[in-house]
Protein chains: 2
Amino acid sequence: MAGRHGQGDAAGDQGRSGAKAPGLDFPRPLTTVDIVIFTIRQEALQVLLVRRGSGPGDPFPGTFALPGGFVDIARDRDLEACARRKLAEKTGVVSPYLEQLGSWGSADRDPRGWSATHAYFALIPGSAVEAALAADVQWFPLEGTGVTPKLAFDHAEILQAAVQRLRNKVEYTSLPAYLMPKEFTLPELQRTYEIVLDRALEKSAFRTRMLSADLIEPIAKMRKGPNRPAQLYRLKKTAAPVYFARTFNAPE
Amino acid sequence: MAGRHGQGDAAGDQGRSGAKAPGLDFPRPLTTVDIVIFTIRQEALQVLLVRRGSGPGDPFPGTFALPGGFVDIARDRDLEACARRKLAEKTGVVSPYLEQLGSWGSADRDPRGWSATHAYFALIPGSAVEAALAADVQWFPLEGTGVTPKLAFDHAEILQAAVQRLRNKVEYTSLPAYLMPKEFTLPELQRTYEIVLDRALEKSAFRTRMLSADLIEPIAKMRKGPNRPAQLYRLKKTAAPVYFARTFNAPE
DNA sequence: CAAACTTAGTTGTACTGTCCAACTTACTTA
DNA sequence: TAAGTAAGTTGGACAGTACAACTAAGTTTG
């Protein structure tokens, strides 16, 4: 690369140019998008993983990885559209919650060369998923922090970052609401919080907080069970996640 | 693209391959890194911007942009190293705080083609900066939410996201401590919080919170002025940002 | 059909930390 | 010495969680 303050170099190289093809004199990294898809199944937080193919040249054949793949610049208008496409392909679901997680790029994360992945994380209800799953994907429960299979690339690191981000945000947001089916009771919502946080919460404080937030509304139905029936709620149309002013417990 | 469940397609296209050059049959997006560098100067939050060159083929010639540029796969081991390099080139400073902000990628954000940028944001003390600035860069105060110059690419959007993230985190973290010089008083720290948040804070609550956090320690010196001298503090060696269990005010 | 059991939901007291305002302290300047 | 100003403290009101005991409403069991 030329000198630091050369004129074609202004704006930090983005303006750098050969005579004709500006920027193209830099070899381009491989660019992918990966998604960490969470759900609640069997009273546990679970992630969707894909078994990798074993064609010639495929790295990490036969191992599991996060769903994702190369950005297709012909089809994907932007990164988020690419993420939504891959999500739909694997689950058949339009995610009620999709957030960018971060990006990971380095010379050695992919044996095929310098590559960068844009990671997203999605929350989907456990209920509507079972049906439309693609053939090569599978749910895995997250016990504690480790997952059962070893993951391809640096996906273990990405997954861990996603879990950490999720746990962190669950402390002070309404994100778990996106893991619930259309209708749910307050104890069910609390159980979802507890599963994600892996920690028991106070019933009365939980109810006070949820009911005073502009988040859910009761419907004219009860959940019948072997015991006292519970009031059913649904998410209000205001889909925006709620941020609470405190965490449930002082962290630490 | 081939069928959804084809075998070379497993693991979401990352395993897709021609006979020899897997992944290379996808045209690659341009890949850049941009940094939003904040400091406090003249009682205001300011951002560092770069004037773009006007060589042939340079997009947005003469306008201002965030410092950044193409990833150099020969020099940059990973994205963060690339960000640190660009930061050092423009400011001569090793940032006390650097965080990934997110990534922006689309077909039309750069006239040269499908491009994706990995954005970082950095906090540096106002003091030590003035000296080593590169020639083509300049500080701009953020008044309210709009910046003075129109920015190249989608950098206005990225900058806005950075400000939002910073303001958000300042509500419940110790991030402003990274904007302070080595030694500072509690009222000075509070003023920094207030500048970033653009809102007055309660003195006693602020002091209680800062002093009970494991964040700063008093040194055997006072800041002398026209009035009562103030105790000087410094950051503890534990560089990790502190997360508080509450925000200062209930948002809204 | 009443008693035992289980989960839903409420109530009340203690405690923690912010909010608000008044106060004391320490220094400079008139 | 008095006035002024910013640093730092103190105390009461208030909000929301922590903890624990309570009531409510259904099912199952004897």
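Sequence lines set the chain letters: A, B, ... in the order given, protein chains first and strands last, and positions in each chain run from 1.
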For B:Arg209, which residues count as a salt bridge (charged side-chain N to carboxylate O under 4.0 Å, His left out) partner, sequence neighbours excluded? none

Main chain of A:Asp78, side chain of B:Ser106: is a donor-acceptor contact present, judged purely on distance under 3.5 Å? no

Strictly below 4.0 Å, heavy-atom distances to any atom of DNA chain D: list the hits from residues 205-221 of chain A, or just say none. A:Ala205, A:Arg209

Show the atom names and distances, to 0.1 Å, of all donor-acceptor pairs under 3.5 Å that link a side chain in residues 224-235 of chain A to residues at least two apart or in another chain.
| from | atom 1 | to | atom 2 | distance (Å) |
| --- | --- | --- | --- | --- |
| A:Gln231 | NE2 | A:Ile219 | O | 2.6 |
| A:Gln231 | NE2 | A:Lys221 | O | 3.4 |
| A:Arg234 | NE | A:Glu217 | OE2 | 3.1 |

Counting only N and O atoms by type, is there a donor-acceptor contact under 3.5 Å from the side chain of A:His155 to the main-chain atoms of A:Leu66? yes

A:Glu188: which residues meet the salt bridge (charged side-chain N to carboxylate O under 4.0 Å, His left out) condition with it, sequence neighbours left out? A:Arg223

For the residue pair A:Thr63 and A:Lys150, establish whether any side-chain heavy-atom pair is separated by less than 4.5 Å. no

Partners meeting ring-ring contact (aromatic ring centres under 6.0 Å, His included) with A:Phe64 (sequence neighbours left out): A:Phe140

Euclidean distance, atom CZ of residue B:Arg199 to atom C1' of C:dC19 [Å, nearest integer]: 13 Å

Rounded distance (Å) that lies between atom P of D:dT17 and atom CD of A:Glu171: 13 Å

For A:Asp154, salt bridge (charged side-chain N to carboxylate O under 4.0 Å, His left out) partners two or more places apart: A:Arg109

Going by side chain to side chain donor-acceptor pair (under 3.5 Å), name the residues that satisfy it together with A:Gln100, two or more places apart in sequence or in a different chain. A:Tyr120, B:Ser103

What residues 229-236 of chain A contributes to the DNA chain C interface at heavy-atom separation below 4.0 Å is A:Pro229, A:Ala230, A:Gln231

N/O-N/O pairs, protein side and nucleotides 11-13 of chain C side, under 3.5 Å:
none

Between P of D:dG8 and CG of B:Leu189, the distance in whole Å: 12 Å

Just jot down the side-chain contact (heavy atoms from CB on, under 4.5 Å) partners of B:Ala44, sequence neighbours excluded, or say none. B:Gln46, B:Pro141

Rounded to whole Å, the CG-C1' distance (A:Leu186 to C:dT10) equals 13 Å

Under 3.5 Å, which N/O atoms of the protein pair with N/O atoms of nucleotides 4-7 of chain C?
| from | atom 1 | to | atom 2 | distance (Å) |
| --- | --- | --- | --- | --- |
| C:dT6 | O2 | A:Asn227 | OD1 | 3.2 |
| C:dT7 | O4' | A:Asn227 | ND2 | 2.9 |

Between the base of D:dG26 and the side chain of A:Lys224, is there a donor and acceptor pair under 3.5 angstrom? no

How many Å lie between NZ on B:Lys203 and P on D:dG11, as a whole number? 16 Å

Can you tell me how far C1' of D:dT17 sits from CD of A:Gln190, to the nearest Å? 13 Å

Suppose we screen for side-chain contact (heavy atoms from CB on, under 4.5 Å). Which residues come up paired with B:Ser204, at least two apart in sequence or across chains? none

Rounded to the nearest Å, what distance is computed from the CD atom of residue B:Glu202 to the P atom of nucleotide C:dG17? 17 Å

Between B:Phe244 (CZ) and C:dG17 (P), how many Å, whole number? 12 Å

